[in-house]
Protein chains: 2
Amino acid sequence: MERNIKVSIIEDDDTIRNGYTFLIGNSEGYEVVSAYCSYDSAAHTIAADKPDVILLDIEMPGINGIDAIPRLKKLLPNAFILILTVYESEKLIFEALGNGASGYLTKNTPSAKIIESIKEVRDGGGPMSINIAKMVIKSFQKNQESPLSKRETQILEQISDGKSRSQIARELFIDLETVRSHIKNIYIKLDVNSRADAIKAARQNRFI
Amino acid sequence: MERNIKVSIIEDDDTIRNGYTFLIGNSEGYEVVSAYCSYDSAAHTIAADKPDVILLDIEMPGINGIDAIPRLKKLLPNAFILILTVYESEKLIFEALGNGASGYLTKNTPSAKIIESIKEVRDGGGPMSINIAKMVIKSFQKNQESPLSKRETQILEQISDGKSRSQIARELFIDLETVRSHIKNIYIKLDVNSRADAIKAARQNRFI
DNA sequence: AATAAAATCCCCCTATCGGGGGGATAATCT
DNA sequence: AGATTATCCCCCCGATAGGGGGATTTTATT
């Protein structure tokens with residue numbers, strides 16, 4: 001038989017923490033090695049617990065969950081972090097994932113899905129609640145109603161890669177003046193007058 | 001009772017297409033309104049089928065699935081597109097999602113999950129296979145072992161926003177020469193000698 | 001066939017920028 | 001104590017960006 005998946009829980013609400021501990025502890029193949037009410041109280045001992053997966057809340061006294069992620073990663077480079085929170089804000093989700101969280105579940109997630117997700121992160125997967133997946137996918141989707149033409153979009157993308165006019169001209173096999181002309185039109189359409197502003201406007205509206 | 005979810009299938013392999021048609025057609029609450037073997041053959045009539053969800057393959061004769069997405073979106077702005085393919089390449093996934101696909105499943109997905117995912121996209125969700133979710137999440141995660149210091153990372157991020165040295169200096173309330181100095185160090189650490197190359201190297205290694 | 005939109009190229013101008021070189025100093029962290 | 005980081009200073013110069021003013025051709029769309 002395979003060894004149990006070792007889970008640590010960091011969650012400030014006593015009721016919820018105990019609930020998860022009970023739920024996971026009673027699931028076949030799972031084992032709760034520790035449960036803390038904050039990152040601060042976990043910091044000194046969690047490395048010794050050697051969890052495979054850490055269930056992490058975001059709203060917490062002291063160091064919040066988002067900032068705890070990189071610290072936990074440093075203490076336990078091989079542990080996977082699964083965020084379990086009520087927050088569905090885009091900013092928090094992307095910060096959490098950017099900091100190294102491997103999954104993001106909201107607290108209305110059914111017990112069975114939580115148990116399944118713990119296994120999934122341990123196996124290198126990336127479980128997400130439906131709403132989270134939706135936001136994540138949305139973040140990839142370009143705006144279909146861009147005022148920019150294909151060529152303009154392409155050139156603006158190169159500009160956002162830090163390329164100069166002449167570099168772009170060379171790569172697209174067009175004249176430097178043509179690039180200039182396109183950039184002028186991009187600026188007019190986006191109502192800006194600098195690269196930085198064009199990139200900002202285009203990213204905000206997901207034209208690139 | 002709610003009305004059936006109308007599904008269109010675009011898939012070139014006869015066996016697979018017929019298999020999906022049978023599977024979905026026999027599921028309670030689902031209805032296959034049409035099944036095509038290519039985008040080209042679907043183009044003229046699919047709008048009249050008024051599907052809620054389009055199951056789309058990527059490898060196909062004629063216009064491929066990736067390029068078909070924006071066209072389908074134009075024909076059926078309210079339909080959701082669910083990619084069902086064997087490909088797990090990062091490039092294809094991000095292109096598909098960027099073009100407007102709402103979900104991405106690989107062909108080893110169990111039948112029940114496919115049926116469930118169709119409902120999920122129809123409801124605005126973003127279903128993904130485990131491996132896909134993993135890649136998507138990975139794409140958000142920064143490299144924890146960046147050689148760049150916090151300040152350097154911050155400045156490189158501003159550079160990737162297209163900002164000039166003086167602009168960065170102003171925004172960070174530091175001297176222009178300090179910014180210059182940081183950029184020099186960034187270039188040394190990344191072994192590059194231009195903004196474009198620095199951005200490229202940093203993005204490739206997910207330092208920013 | 002006609003109109004519009006997109007893509008291509010050409011000239012003027014000048015202040016700013018970017019990258020290469022050479023340093024120094026104080027603050028932090030380890 | 002030593003290393004890293006963040007800050008600031010000087011030199012140089014060619015390339016760049018953005019502001020004007022245009023024109024022509026190709027490609028869609030009607």
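In the text below, chain A, chain B and the rest are named by the order of the sequence lines, each starting its count at 1. All heavy atoms count here, side chains included; hydrogens, waters and symmetry mates do not.
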Check this for me: does any side-chain nitrogen of one of [X] and [Y] sit under 4.0 Å from a carboxylate oxygen of the other?
X	Y	value
B:Asp14	B:Arg17	yes
A:Asp13	A:Lys107	no
A:Glu177	A:Arg180	yes

Where the side chain of B:Asn205 meets the backbone of B:Ala201, is there a donor-acceptor pair that is under 3.5 Å apart?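 Looks like yes, one N/O pair under 3.5 Å.
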Main-chain N/O of A:Phe207 paired with A:Asn143 side-chain donor or acceptor, under 3.5 Å: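 Absent.
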Return the residues of residues 188-208 of chain B meeting this criterion: a heavy atom under 4.0 Å from some atom of DNA chain C. Order them by number, or give none.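 B:Asn193, B:Ser194, B:Arg195, in order of number.
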Length of the [atom1]-[atom2] vector between [X] and [N], whole Å:
X	N	atom1	atom2	answer
A:Ile168	C:dA7	CD1	P	15 Å
A:Gln167	D:dG14	CD	C1'	16 Å
B:Arg165	D:dA17	CZ	P	13 Å
A:Gln158	D:dA17	CD	P	13 Å
B:Arg71	D:dA28	CZ	C1'	13 Å
A:Gln154	C:dA6	CD	P	15 Å

Test log, rule side chain to side chain contact (heavy atoms under 4.5 Å, CB included), inputs A:Lys142 and B:Asn99: CA-CA 6 Å; A:Lys142 289 189 184 174; B:Asn99 277 356; 5.9 Å; no
Is there side-chain contact between A:Leu172 and A:Ile155, with heavy atoms separated by less than 4.5 Å?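 Sidechains of A:Ile155 and A:Leu172: in contact.
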Report, one pair per line, the protein and nucleotides 7-9 of chain D atoms (nitrogen or oxygen only) whose separation is under 3.5 Å.
unit_1: D:dT7; atom_1: OP1; unit_2: B:Arg151; atom_2: NH2; d: 2.9
unit_1: D:dT7; atom_1: OP2; unit_2: B:Arg151; atom_2: NE; d: 2.8
unit_1: D:dT7; atom_1: OP2; unit_2: B:His182; atom_2: NE2; d: 3.1
unit_1: D:dT7; atom_1: O4; unit_2: B:Ser181; atom_2: OG; d: 3.1
unit_1: D:dC8; atom_1: OP2; unit_2: B:Asp175; atom_2: N; d: 2.5
unit_1: D:dC8; atom_1: OP2; unit_2: B:Thr178; atom_2: OG1; d: 2.6
unit_1: D:dC8; atom_1: O5'; unit_2: B:Thr178; atom_2: OG1; d: 3.3
unit_1: D:dC8; atom_1: N4; unit_2: B:Ser181; atom_2: OG; d: 2.8
unit_1: D:dC9; atom_1: OP2; unit_2: B:Asp175; atom_2: OD2; d: 2.7

Using a cut-off of strictly less than 4.0 Å, decide whether B:Ser149 has a side-chain nitrogen or oxygen near OP1 or OP2 of D:dT5.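 No.
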Interatomic spacing from OG in A:Ser38 to CG in A:Asp57 - rounded to 0.5 Å: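 Taking OG in A:Ser38 and CG in A:Asp57, the distance rounds to 11.0 Å.
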